[in-house]
> 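Below you'll find the structure I mean.
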Amino acid sequence: MGQPAEGESGERATRGATDLQLPPGQRLQKGWPVTHYGPVPKFRPERWEFRVFGATADGGKHCWTHEEFTALPYTTVEADLHCVTKFSMIGAEWGGIPARTVVEIAPPAPDVTHVMVWAEYGFSSNLRLEDFTSDRTLFATHKDGELLTAEHGFPLRLIVPHLYAWKGPKWVRGVEYMTADRRGFWEERGYHNVGDPWREQRYSYQEEPGDGPEL
């Protein structure tokens with residue numbers, strides 16, 4: 001299950017502060033801590049399915065097997081990853097399937113404004129549609145040219161570089177299109193509904209009108 005904490009390092013994390021800028025309150029982290037809520041799920045490829053459902057343009061559900069999904073066009077994105085617990089990974093190369101590709105193949109209805117990304121054990125993370133369709137949002141299968149480990153989200157995790165890392169859950173299984181916002185797992189437990197690290201949107205008490213679902 002996902003966790004509002006994820007960091008990474010390697011040589012990139014040793015770069016001096018003169019050639020990078022971190023969001024407020026963040027620090028460089030050496031190593032890649034394994035942090036998540038709940039157990040690591042066992043991957044069973046014969047049972048694995050990726051679904052797009054909810055308010056789709058055609059009203060139907062779209063499904064891929066693991067083999068079909070990983071055969072979709074592959075790309076790489078070099079992106080930082082900022083953990084809400086204040087450590088940052090700098091300049092990792094993520095490889096996988098762009099979220100935009102999924103949206104093009106299985107488009108949302110015209111009135112969709114948000115998505116809920118679903119992962120193993122019912123974990124969920126809500127995103128604005130414009131965040132999900134960013135050209136840097138990626139369903140990652142690889143990091144720095146190597147397959148993700150199970151502890152870090154294999155076979156699939158979402159990377160949303162411009163938001164805090166908990167917005168990109170591990171062990172993703174599907175996307176629900178929504179015509180109204182709804183809080184996900186960590187958002188229901190006190191984390192900010194948007195999660196922009198550059199505005200330091202860590203917790204729900206910081207939300208301003210329009211940041212969260214209407215009551």
> Report yes if the side chains of Met116 and Arg182 come closer than 4.5 Å at any heavy-atom pair, otherwise no.
yes
> Is Glu200 paired with Lys86 through a side-chain N to carboxylate O contact shorter than 4.0 Å?
no
> Once you round to the nearest 0.5 Å, how far does CZ of Phe87 lie from CG of Leu81?
8.5 Å
> Quick one: CG on Leu22 to NE2 on His82, what's the gap to the nearest 0.5 Å?
6.5 Å
> Is there a side-chain contact between Arg173 and Arg51, using heavy atoms and a 4.5 Å cut-off?
no
> Looking at CD1 of Ile97 and CG of Leu158, how far apart are the two atoms once the value is rounded to the nearest 0.5 Å?
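Spacing of CD1 (Ile97) from CG (Leu158) equals 11.5 Å.
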> Are Thr85 and Trp166 packed together at the side-chain level, in the sense that at least one heavy-atom pair is separated by less than 4.5 angstrom?
no
> What are the two closest non-hydrogen atoms of Val103 and Pro108, and how far apart are they?
CG1-CD, 3.7 Å
> Do you know the tightest heavy-atom contact between Ala55 and Thr179?
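The pair with the smallest heavy-atom distance is CB-CG2, 4.0 Å.
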> Could you check if a side-chain atom of Pro213 sits within less than 4.5 angstrom of a side-chain atom of Arg183, using non-hydrogen atoms only?
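Pro213 vs Arg183: side chains touch.
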> Show every donor-acceptor pair shorter than 3.5 Å between a side-chain atom in residues 66-74 and any protein atom, with sequence neighbours excluded, or say none if there are none.
from, atom 1, to, atom 2, distance (Å)
Glu68, OE1, Thr65, N, 2.8
Glu68, OE1, Thr65, OG1, 3.4
Thr70, OG1, His66, O, 2.8
Thr70, OG1, Glu67, O, 3.4

> Taking the side chain as C-beta and beyond, is there a heavy-atom pair between Arg157 and Lys170 under 4.5 Å?
yes
> Would you say that Asp135 contacts Arg100 through its side chain, given a criterion of any heavy-atom pair below 4.5 Å between the two side chains?
yes
> Determine whether Asp80 and Ser88 make a side-chain contact, defined as any pair of heavy atoms from C-beta on separated by less than 4.5 Å.
no
> Applying side chain to side chain contact (heavy atoms under 4.5 Å, CB included) to Val175 and Phe132, what does each step give before you reach the verdict?
CA-CA 10 Å; Val175 175; Phe132 183 68; 3.9 Å; yes
> Where do Ala106 and Trp64 come nearest, in terms of heavy atoms and distance?
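Heavy atoms of Ala106 and Trp64 come nearest at CB-CH2, 4.2 Å.
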> Please identify which of these residues, Ser124, Ser125, Pro169, meets the side-chain contact (heavy atoms from CB on, under 4.5 Å) condition with Phe185.
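With Phe185 as partner, Ser124, Ser125, Pro169 yield a single side-chain contact (heavy atoms from CB on, under 4.5 Å), made by Ser124.
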> Got a sec, which residues hit salt bridge (charged side-chain N to carboxylate O under 4.0 Å, His left out) with Asp181, two or more places apart in sequence or on another chain?
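Once residues adjacent in sequence are excluded, Asp181 has no partner under the salt bridge (charged side-chain N to carboxylate O under 4.0 Å, His left out) criterion.
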> For residues Leu138 and Pro98, report the shortest heavy-atom separation together with the two atoms involved.
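That would be CD1-N, 3.6 Å.
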> If Ile, Leu, Val, Met, Phe, Trp and Tyr residues are connected whenever their side-chain heavy atoms lie under 4.5 Å apart, and connections chain through other members, are Met178 and Val102 in the same group?
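Cluster IDs for Met178 and Val102 differ.
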> When you compare the side chain of Thr137 with that of Asp131, does any pair of heavy atoms fall below 4.5 Å?
no
> Applying a strict under-4.5 Å side-chain criterion to I, L, V, M, F, W and Y, I'd like to know whether Leu129 and Phe53 cluster together.
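They do not share one cluster, since no chain of ILVMFWY contacts under 4.5 Å joins Leu129 to Phe53.
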> I would like to know whether Tyr203 and Tyr191 meet ring-ring contact (aromatic ring centres under 6.0 Å, His included); could you show each step before the answer?
CA-CA 4 Å; Tyr203 306 111; Tyr191 284 85; 5.6 Å; yes
> Please find the pair of heavy atoms, one from Val112 and one from Tyr177, that lie closest to each other, and give the distance.
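Heavy atoms only, the tightest pair is CG2-CB, 3.8 Å.
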> Checking ring pair (Phe, Tyr, Trp, His ring centres under 6.0 Å) against Phe50, which of Phe139, Trp171, Trp118 comes through?
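Among Phe139, Trp171, Trp118, the one meeting ring pair (Phe, Tyr, Trp, His ring centres under 6.0 Å) with Phe50 is Phe139.
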> For the CG atom of Asn193 and the CD atom of Glu187, what is their distance to the nearest 0.5 Å?
6.0 Å
> Is Val194 reachable from Trp198 through a run of I, L, V, M, F, W or Y residues, each pair having side-chain heavy atoms under 4.5 Å apart?
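Trp198 does not cluster with Val194.
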> Starting from the C-alpha separation in whole Å, work towards a yes-or-no answer on side chain to side chain contact (heavy atoms under 4.5 Å, CB included) for Leu156 and Thr141.
CA-CA 5 Å; Leu156 197 67; Thr141 57; 3.8 Å; yes
> Taking all non-hydrogen atoms of both residues into account, name the closest pair between Arg202 and Cys83 and its distance.
NH1-O, 4.2 Å
> Could you tell me the separation between the CZ atom of Arg136 and the OG1 atom of Thr75, rounded to the nearest 0.5 Å?
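The CZ atom of Arg136 sits 11.0 Å away from the OG1 atom of Thr75.
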> Enter the distance from Asp196:CG to Lys167:NZ here, rounded to the nearest 0.5 Å.
11.0 Å
